[in-house]
> 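Dumping the structure here so I can ask a few things about it.
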Amino acid sequence: MEMKKRISLELRNRSPAEVAELVLDNCRSVDGEIEGLNDSYKELEFLSMANVELKSLSKLPKLPKLRKLELSDNSISGGLDVLTERCPNITYLNLSGNKIKDLSTVEALASLKNLKSLDLFNCEITNLEDYRENIFQRLSQITYLDGFDQEDNEAPDSEEDDDDDDYDDDEEPGPRRYEAEEDEEDEESASDLGEEEEEEEEVGLSYLMKEEIRDEEDDDDYVEDGAEGEEEEEEDEDEAAAADQGEKRKRDPEDEGDEDED
């Protein structure tokens with residue numbers, strides 16, 4: 001897809017003045033030039049044109065609010081002075097995977113006073129002797145080169161930088177804020193755990209109470225059944241005794257008759 005068509009799709013019914021972020025990666029530039037961008041993108045803060053076959057930045061429009069520019073995996077070999085004139089507020093510039101060979105080409109970026117991070121990874125210039133020392137010497141304003149500072153400390157993620165920019169002046173950015181957030185999360189977790197334990201205790205108590213009630217009912221049933229059994233046994237014994245007495249009474253007259261005959 002050509003760059004101009006890709007831009008029209010990315011607008012999504014917005015006017016250029018409403019766009020703050022524009023990603024055009026992997027589209028196709030015509031003759032290695034930028035097309036479809038103009039000065040009306042005055043609110044643009046992030047522009048990405050990675051792997052679009054760019055050879056020149058000569059048609060880059062004026063983008064006064066642009067802070068981050070991604071130009072990796074193209075064929076740019078020079079003409080970086082255009083950035084100083086048209087994008088003076090850039091803080092992050094990615095030129096990795098381009099055809100930059102000489103230190104003199106990079107020196108054109110010295111006028112970008114707000115530039116803090118520069119990426120030249122996979123460019124031929126990185127093969128020069130004392131490459132890092134020379135870049136930091138010529139571009140004293142930058143903090144990170146190819147993702148690391150002069151003491152080889154890794155650069156923070158760009159998302160974290162954006163979060164820091166969103167802090168109010170009266171907020172404390174950095175570790176303290178994250179520690180406070182972690183403490184809040186721990187307190188919430190502890191609270192949830194306490195509630196769960198209370199619920200489990202209540203369930204356990206109710207279960208035990210139900211079991212005790214069941215045991216008492218079973219005992220009562222057992223006692224009742226035992227009493228009924230005893231009553232039935234007594235009745236059976238009474239009936240048996242009455243029957244024996246009746247038979248005895250029957251036998252007595254017979255015995256008297258035998259005595260008379262004698």
Side-chain angles (χ1 to χ4, degrees), residues 1-100 105-123 139 141-147 155-167:
M1 182 184 296
E2 292 185 355
M3 185 179 291
K4 187 180 294 186
K5 185 175 181 180
R6 175 68 177 275
I7 291 174
S8 64
L9 290 175
E10 293 292 335
L11 283 176
R12 300 169 189 170
N13 298 321
R14 296 174 296 174
S15 67
E18 296 175 312
V19 179
E21 180 176 323
L22 191 59
V23 179
L24 307 174
D25 298 349
N26 304 312
C27 66
R28 187 174 68 255
S29 62
V30 177
D31 297 328
E33 297 279 359
I34 296 172
E35 61 173 356
L37 287 178
N38 53 53
D39 295 346
S40 60
Y41 289 85
K42 56 186 178 180
E43 298 296 323
L44 196 62
E45 296 180 4
F46 176 82
L47 174 61
S48 183
M49 295 185 289
N51 191 32
V52 296
E53 303 177 7
L54 270 184
K55 297 179 181 179
S56 172
L57 298 176
S58 61
K59 293 186 179 181
L60 184 70
K62 290 183 178 181
L63 303 171
K65 291 191 176 181
L66 191 69
R67 295 178 57 215
K68 298 183 180 181
L69 180 58
E70 284 273 0
L71 296 171
S72 59
D73 299 321
N74 286 294
S75 300
I76 300 169
S77 58
L80 301 182
D81 53 315
V82 172
L83 298 175
T84 301
E85 177 188 350
R86 302 176 188 177
C87 310
N89 294 310
I90 287 179
T91 60
Y92 173 87
L93 177 61
N94 188 350
L95 290 167
S96 61
N98 279 278
K99 296 184 177 181
I100 298 172
T105 302
V106 178
E107 286 178 349
L109 301 176
S111 298
L112 290 173
K113 301 302 182 182
N114 295 316
L115 185 63
K116 299 300 180 185
S117 180
L118 174 65
D119 198 335
L120 297 170
F121 182 72
N122 268 351
C123 293
L139 304 177
Q141 80 274 30
I142 70 171
T143 303
Y144 300 101
L145 176 62
D146 301 335
D157 293 337
S158 58
E159 292 182 359
E160 293 180 1
D161 291 340
D162 292 342
D163 292 340
D164 290 342
D165 291 341
D166 292 338
Y167 295 148

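In this text the structure is predicted, and so the values were computed from the model without any measurement.
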> CG of Leu11 to CG of Asn13: how many Å apart, nearest 0.5 Å?
8.5 Å
> Work out which heavy atom in Ala17 is nearest to a heavy atom in Lys42; give both atom names and the distance.
CB-CE, 4.2 Å
> When you measure from the side chain of Arg86 to the backbone N and O of Pro64, does any donor-acceptor pair fall under 3.5 Å?
no
> Rounded to the nearest 0.5 Å, what separation is found between the CD atom of Glu45 and the NZ atom of Lys65?
7.0 Å
> Taking side chain as C-beta onward, heavy atoms only, is Tyr41 less than 4.5 Å from Leu63?
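Counting from C-beta outward, Tyr41 and Leu63 do come under 4.5 Å.
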> Would you check, one step at a time, whether the test side-chain contact (heavy atoms from CB on, under 4.5 Å) holds for Leu112 with Thr91?
CA-CA 8 Å; Leu112 290 173; Thr91 60; over 6 Å; no
> Which pair of heavy atoms, one from Met3 and one from Met49, lies closest together, and at what distance?
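Heavy atoms only, the tightest pair is CE-SD, 4.2 Å.
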> Over all heavy atoms of both residues, which pair between Asn98 and Cys123 is shortest? Give the atoms and the distance, please.
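Asn98 and Cys123 have their closest heavy atoms at N-SG, 3.5 Å.
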> Determine, step by step, whether Arg12 and Glu10 satisfy the salt bridge (Lys or Arg N to Asp or Glu O under 4.0 Å) criterion, reporting the C-alpha distance in whole Å, the side-chain angles of both residues, the deciding distance to 0.1 Å, and the verdict.
CA-CA 5 Å; Arg12 300 169 189 170; Glu10 293 292 335; 3.6 Å; yes
> Without placing hydrogens or testing angles, list every side-chain donor-acceptor pair under 3.5 Å for residues 114-121, not counting sequence neighbours.
unit_1 : atom_1 : unit_2 : atom_2 : d
Asn114 : ND2    : Asn89  : OD1    : 3.2
Asp119 : OD1    : Phe121 : N      : 3.0

> Would you say Asn74's side chain and Ile76's backbone share a donor-acceptor pair under 3.5 angstrom?
no
> Extract all donor-acceptor atom pairs below 3.5 Å that involve side chains of residues 23-31 and protein atoms in other chains or at least two apart in sequence.
unit_1 : atom_1 : unit_2 : atom_2 : d
Asp25  : OD1    : Ser48  : OG     : 2.6
Asp25  : OD1    : Ala50  : N      : 3.0
Asp25  : OD2    : Ser48  : OG     : 3.3
Asn26  : OD1    : Asn51  : ND2    : 2.9
Ser29  : OG     : Val52  : O      : 2.7
Ser29  : OG     : Glu53  : O      : 3.2

> Just verifying a value: how many Å separate Leu54 CG and Asp73 CG, rounded to the nearest 0.5 Å?
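Leu54 atom CG to Asp73 atom CG measures 11.5 Å (nearest 0.5 Å).
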> Can you tell me how far CD of Gln141 sits from CG of Leu109, rounded to the nearest 0.5 angstrom?
8.0 Å
> Under the 3.5 angstrom rule, does the side chain of Asp39 hit a backbone N or O of Pro61 as a donor-acceptor pair?
no
> Of the non-hydrogen atoms in Asp81 and Ala108, which two are nearest, and what is the gap between them?
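Looking at all heavy atoms of both residues, the closest pair is N-CB, 3.9 Å.
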> Taking side chain as C-beta onward, heavy atoms only, is Leu60 less than 4.5 Å from Leu83?
yes
> So, Glu85 side chain and Val82 main chain: donor-acceptor pair closer than 3.5 Å or not?
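No, the answer is negative, given that no donor and acceptor are paired below the 3.5 Å cut-off.
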> Rounded at 0.5 Å granularity, tell me how far CG in Leu69 sits from CG in Leu57.
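Leu69 atom CG to Leu57 atom CG measures 7.5 Å (nearest 0.5 Å).
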> As an exercise, state the distance from CD of Glu107 to CG of Leu139, rounded to the nearest 0.5 Å.
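Nearest 0.5 Å value for the CD-CG distance: 8.0 Å.
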> Not counting sequence neighbours, which residues clear side chain to side chain contact (heavy atoms under 4.5 Å, CB included) with Lys4? List them please.
Glu35
> Looking at Lys59 and Glu33, does any basic side-chain N land under 4.0 Å from a carboxylate oxygen?
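Salt bridge flag = no for Glu33 with Lys59.
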